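Take a look at the structure below.
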There are 2 protein chains.
Amino acid sequence: MSGRGEVLQLEVLDILRQRNKPVSAYDVLGELRKTKVKMAPQTVYRVLAALTECGKIHRLESLKAYVNCQHGSHQHASILSICDDCGRVEESVAPDLLAKLSKVTGKTGFAAQRHVIEVHGLCASCGTGPAPA
Amino acid sequence: MSGRGEVLQLEVLDILRQRNKPVSAYDVLGELRKTKVKMAPQTVYRVLAALTECGKIHRLESLKAYVNCQHGSHQHASILSICDDCGRVEESVAPDLLAKLSKVTGKTGFAAQRHVIEVHGLCASCGTGPAPA
DNA sequence: TTGCGATATGTTATATTGTAACATAATACT
DNA sequence: AGTATTATGTTACAATATAACATATCGCAA
Ligand SMILES: [Zn+2]
Ligand SMILES: [Zn+2]
Ligand SMILES: [Zn+2]
Ligand SMILES: [Zn+2]
């Protein structure tokens, strides 16, 4: 395992941290290009793949975007709640729920390997006071 | 509610039924173009959106593809198991699991509206006998 | 019936997202 | 050093998705 790309990984992590919202690959690319004009999509995708692989960031399939892990890093699947109003994402862990899910899907002999769980809705601040007239 | 597009909807349903595997929007487009040369992406996406909306098909976010509902149609979220080997998809329903999921994400005041649950792995036939040497 | 607003559909163009393929550079090991 | 292996850079392109506007259809009322 080489470590040449690690600086770039940290930069990307920082971009996601600063935004604190889902960021698309091309948004990341745009940020990086502010200092590295020649940055290419391929490079960004590779960094994002590496970070996703080791659990430091998560990809939101239903948004085609990325957030950094709110628990620093982990392998196990997490549950991502996406506010469709403000865009904020919350991350929950619930091992028992994952187990149950594997059990449900396993009824037909299916062997679960990767769970994608994304919940759309409204976060606490957006759901309660939608501002009167 | 007009009914002009319904013929097209049926055609699309039929395409998905025949394939019995996840089909991308552009695959659908390709099929349709066999008889309707001028078919446009926009049209296909609109049909797919309509069918998704009424629960007759489901979109696999993690595959950017569509399958038709194995239960005919429904509104409630379903659990989609995707075999990464043969591509086959199975659909499970588990209202209690959805409830539990809403409960987990609701701890912070989040109000769930739409559940995306996709499980990747190996189906029964692909998982057991991966063919010997 | 005709006129008009609302909605659905057709059409063109373009935006966004994601990868293939190959060149080059770093690393590890002999 | 020499060479196989892997990572990274670079170019080009493929695949996915939507914006914007034109046209047609429908429902309803004058
Ligand atoms: Zn996490
Ligand atoms: Zn919110
Ligand atoms: Zn279904
Ligand atoms: Zn299979």
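Chain naming here is simple, since letters A, B, ... match the order of the sequence lines and numbering starts at 1 in each. Note that the coordinates shown come from a computational prediction; the quantities given were computed from them, not determined experimentally.
In summary, A:Glu11 and A:Lys36 engage in a salt bridge, as defined by a charged side-chain N under 4.0 Å from a carboxylate O.
Residues A:Arg33 and A:Met39 have side chains in contact (heavy-atom distance under 4.5 Å, counting atoms from C-beta outward). Residues B:Val12 and B:Val44 have side chains not in contact (no heavy-atom distance under 4.5 Å, counting atoms from C-beta outward). Side-chain contact between B:Val67 and B:Asn20 is absent, with no heavy atoms from C-beta onward closer than 4.5 Å.
Of the residues in residues 10-17 of chain B, not one comes within less than 4.0 Å of DNA chain C through any heavy atom.
With hydrophobic clusters built from ILVMFWY side chains whose heavy atoms lie under 4.5 angstrom apart, B:Leu29 shares a cluster with B:Leu16.
Between B:His58 and B:His74, the two ring planes are tilted [angle within 30° to 60°].
To the nearest 0.5 angstrom, B:Leu122 atom CG is 11.5 Å from B:Ser81 atom OG.
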One character per nucleotide, please: for nucleotides 11-23 of chain D, 5' to 3', B when the base has a protein heavy atom closer than 4.0 Å, S when only the sugar-phosphate does, - otherwise.
B----BBBBB---
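Atom CE of A:Met39 and atom P of D:dT10 are 9 Å apart (whole Å).
Here B:Glu61 pairs with A:Glu61, A:Ser62, B:Arg59, B:Arg114, B:Val116, B:Glu118 under the side-chain contact (heavy atoms from CB on, under 4.5 Å) rule; sequence neighbours left out.
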